[in-house]
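Data first, discussion second: the structure below is written as structure tokens.
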Amino acid sequence: MPSAGERIFGGGADDGTSTMLHIDMDAFFASVELLEHPELRGLPVIIGGAGGRGVVTSATYEARRFGVHSAMPTARALQLCPKAIVLPSHHEKYRHYSAQVMNVFRDVTPLVEPLSIDEAFLDVAGARRLLGSPSTIGAAVRARVFAETGLTCSVGAASTKFIAKMASGRAKPDGMLVVPASESLAFLHPLPVGALWGVGASTAEALTRLGIRTVGDLAATPLQTLVSRVGEASGQKLHSLANGHDRRSVVTERVEKSIGHEMTFEFDMSDPRQLRLELLRLSDQVAVRLRRAGLAAKTVALKVRFSDFSTISRSRTLSEPTDLAQTISDAARDLFDHVGLEQRVRLIGVRAENLVEAHETVHQPSLWEDESAAPSSWRDAEVTVDRVAEKFGRNILKRASLVEPGPRERRRPDHPAPPA
DNA sequence: TCTGGGGTCCTAGGACCC
DNA sequence: TCTGGGGTCCTAGGACCC
Ligand SMILES: [Mg+2]
């Protein structure tokens with residue numbers, strides 16, 4: 001895929017006013033996979049969830065030409081592009097490359113705000129004296145990222161975060177777009193409202209019904225009209241951004257506000273015992289992450305998605321914050337037991353919210369790795385050995401000592417037998 | 001075509017307090 | 001006695017992003 005090039009909006013020179021950089025990796029997951037499969041370069045490659053229920057998480061530009069994009073069901077993508085090569089994703093690997101790229105950014109300035117695994121804001125106002133104009137810095141970062149990882153990225157440079165983010169999107173792939181401060185409104189106003197960061201399908205439709213199609217239309221709409229149609233916060237925000245106002249600065253440290261895990265099943269499930277076991281497994285994953293972060297949760301939230309894709313959430317605030325799988329699982333299970341199961345369950349999830357610093361974190365291994373910590377729920381779950389094996393593999397059974405009857409099982413001679 | 005998993009932020013109603 | 005208003009916490013749902 002050829003580079004989109006490095007350009008300055010409006011055709012002038014870099015006047016040094018575009019000190020906010022937004023840098024976004026190009027087709028990140030797919031590009032990382034291509035590093036290990038060079039023979040696939042130039043072909044339509046899709047990274048998709050394993051199994052029949054996946055969605056596209058990344059696609060090469062060759063695949064995008066067929067209309068394939070992120071969040072599209074893999075089945076749909078294959079219909080649009082039957083020759084696409086679907087690869088499973090490897091998050092551990094992506095995190096590794098992400099860390100490498102972020103380190104390149106931090107060599108330029110300590111003022112780096114990672115927004116996600118593959119993008120960040122850089123405030124280069126202070127780096128200019130040493131490193132040159134924003135466009136010089138942007139070009140240098142792109143070159144260094146490529147030299148160190150073999151990956152391409154795109155840079156948006158502007159006077160605000162919002163415009164920088166919009167500019168990087170228009171710089172893709174493998175390019176850079178600098179928007180001098182004086183060009184901000186000329187850049188923004190022709191854009192369709194739906195292209196704005198924070199405006200999705202729902203808001204775009206509401207705005208279109210008001211006759212607002214471009215950012216320019218938005219800027220010309222009275223604040224009160226906007227607020228009354230899309231809500232207080234959205235209205236205020238859209239009005240400011242459409243007029244180029246955005247005083248947000250780079251935030252280098254963020255406190256996590258919630259930690260959760262969820263699971264979509266290969267086939268919708270109706271057996272509450274299996275679902276409760278899944279809750280325990282998810283709760284354990286959540287608890288392990290809480291303890292690693294030195295955090296405890298005051299609130300436990302349950303999410304259930306049914307066959308028809310309708311989704312409910314239930315949450316409960318505990319009397320004491322917790323970082324223990326058993327406590328989280330007990331709460332999640334209790335919430336779950338009060339949910340009517342008129343339909344089969346497609347997805348189940350557990351999230352820890354209202355996080356506080358844990359006062360004393362005792363060392364507590366994952367339930368799945370320490371059989372002495374195996375909870376009573378194991379027995380209550382009443383799962384058959386075969387079902388667990390099918391779901392988690394034999395290793396889990398060994399670790400949880402379900403394969404060879406241990407003390408826990410001997411206390412329960414009526415443990416359901418595997419189907420013949 | 002049939003919809004992942006990780007998150008953040010906002011709204012709105014009710015409880016409760018001042 | 002009635003009315004008003006603000007603030008905080010809790011809960012459910014939804015929009016949105018990558
Ligand atoms: Mg991105």
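First the proteins, then the strands, lettered A, B, ... as listed; each starts at 1.
Checking A/Arg53 against A/Arg254, the closest nucleotide of DNA chain B that is more toward the 5' end is the one next to A/Arg53.
For A/Tyr97, there are no side chain to side chain donor-acceptor pair (under 3.5 Å) partners, not counting sequence neighbours. Taking A/Arg144 as the reference, A/Asp107, A/Glu148 meet the side chain to side chain donor-acceptor pair (under 3.5 Å) condition, with sequence neighbours excluded. When the side chain to side chain donor-acceptor pair (under 3.5 Å) test is applied to A/Ser58, no partner is found at least two apart in sequence or on another chain.
Listed by residue number, the members of residues 346-356 of chain A with any heavy atom below 4.0 angstrom from DNA chain B are A/Arg346, A/Leu347, A/Arg351. If you check residues 201-235 of chain A against DNA chain B, the residues with a heavy atom closer than 4.0 Å are A/Gly231, A/Glu232, A/Ala233, listed by number. Non-hydrogen atoms lying under 4.0 Å from DNA chain B are contributed by A/Ala71, A/Pro73, A/Ala75, A/Arg76, all within residues 61-77 of chain A. For the segment residues 82-113 of chain A, no residue has any heavy atom less than 4.0 angstrom from an atom of DNA chain B. For the segment residues 297-316 of chain A, the set of residues with a heavy atom within less than 4.0 Å of an atom of DNA chain B comprises A/Arg305, A/Phe309, in numerical order. Shown for residues 152-161 of chain A: no residue has heavy atoms falling under 4.0 angstrom of DNA chain C.
Side-chain atoms of A/Ser168 and A/Asp24 include no donor-acceptor pair closer than 3.5 Å. Using a 3.5 Å distance cut-off with no hydrogens or angles, the side chains of A/Glu232 and A/Gln236 do pair a donor with an acceptor. In this model, no donor atom of one side chain and acceptor atom of the other lie less than 3.5 Å apart for A/Asp174 and A/Thr152. A donor-acceptor pair shorter than 3.5 Å can be found between the side chains of A/Asp26 and A/Ser154. Side chains of A/Arg289 and A/His261: a donor on one and an acceptor on the other come within 3.5 Å.
Nucleic acid contact for A/Val56: none, since no nucleic acid atom lies under 4.0 Å from a heavy atom of the residue. Among the heavy atoms of the strands, none lies under 4.0 Å from A/Leu335. Using a 4.0 Å heavy-atom distance criterion, A/Gly260 is classed as a sugar-phosphate-only contact.
Side chain of A/Thr252 to main chain of A/Val250: no donor-acceptor pair is present (N/O by atom type, distance under 3.5 Å, no hydrogens or angles).
Chain A approaches DNA chain C within less than 4.0 angstrom (heavy atoms of the protein), and the contacting nucleotides run 5' to 3' from C/dC10 to C/dC18.
Residues A/Arg41 and A/Leu35 form a side-chain contact, since some pair of their non-hydrogen atoms from C-beta on lies under 4.5 Å apart.
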- Message: Output the pairing pattern of DNA chain C as a dot-bracket string, 5' first, Watson-Crick or G-U wobble with both distances under 3.5 Å, | for cross-strand pairs, [ ] for crossing pairs.
- Response: ....||||||||||||||
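For the salt bridge (Lys or Arg N to Asp or Glu O under 4.0 Å) with A/Asp268, the lone residue among A/Arg344, A/Arg53, A/Arg305 that qualifies is A/Arg53.
A distance of 6.0 Å or more separates the ring centres of A/Phe29 and A/His90.
Pairs passing the salt bridge (charged side-chain N to carboxylate O under 4.0 Å, His left out) check and including a residue from residues 185-202 of chain A, sequence neighbours excluded, do not occur.
For the atom pair CG of A/Leu210 and CG of A/Leu226, the computed distance is 7.5 Å after rounding to the nearest 0.5 Å.
Nucleotides C/dC16 and B/dG4 have their C1' atoms positioned 16 Å apart, rounded to a whole Å.
By the 6.0 Å and 45° rule, A/Arg64 stacks over the aromatic ring of A/Tyr61.
The pair A/Glu262-A/Lys303 meets the salt-bridge criterion, with a side-chain N (NZ, NE, NH1 or NH2) lying under 4.0 Å from an Asp/Glu carboxylate O. Under a 4.0 Å N-O distance rule, the pair A/Lys298/A/Glu320 does not qualify as a salt bridge.
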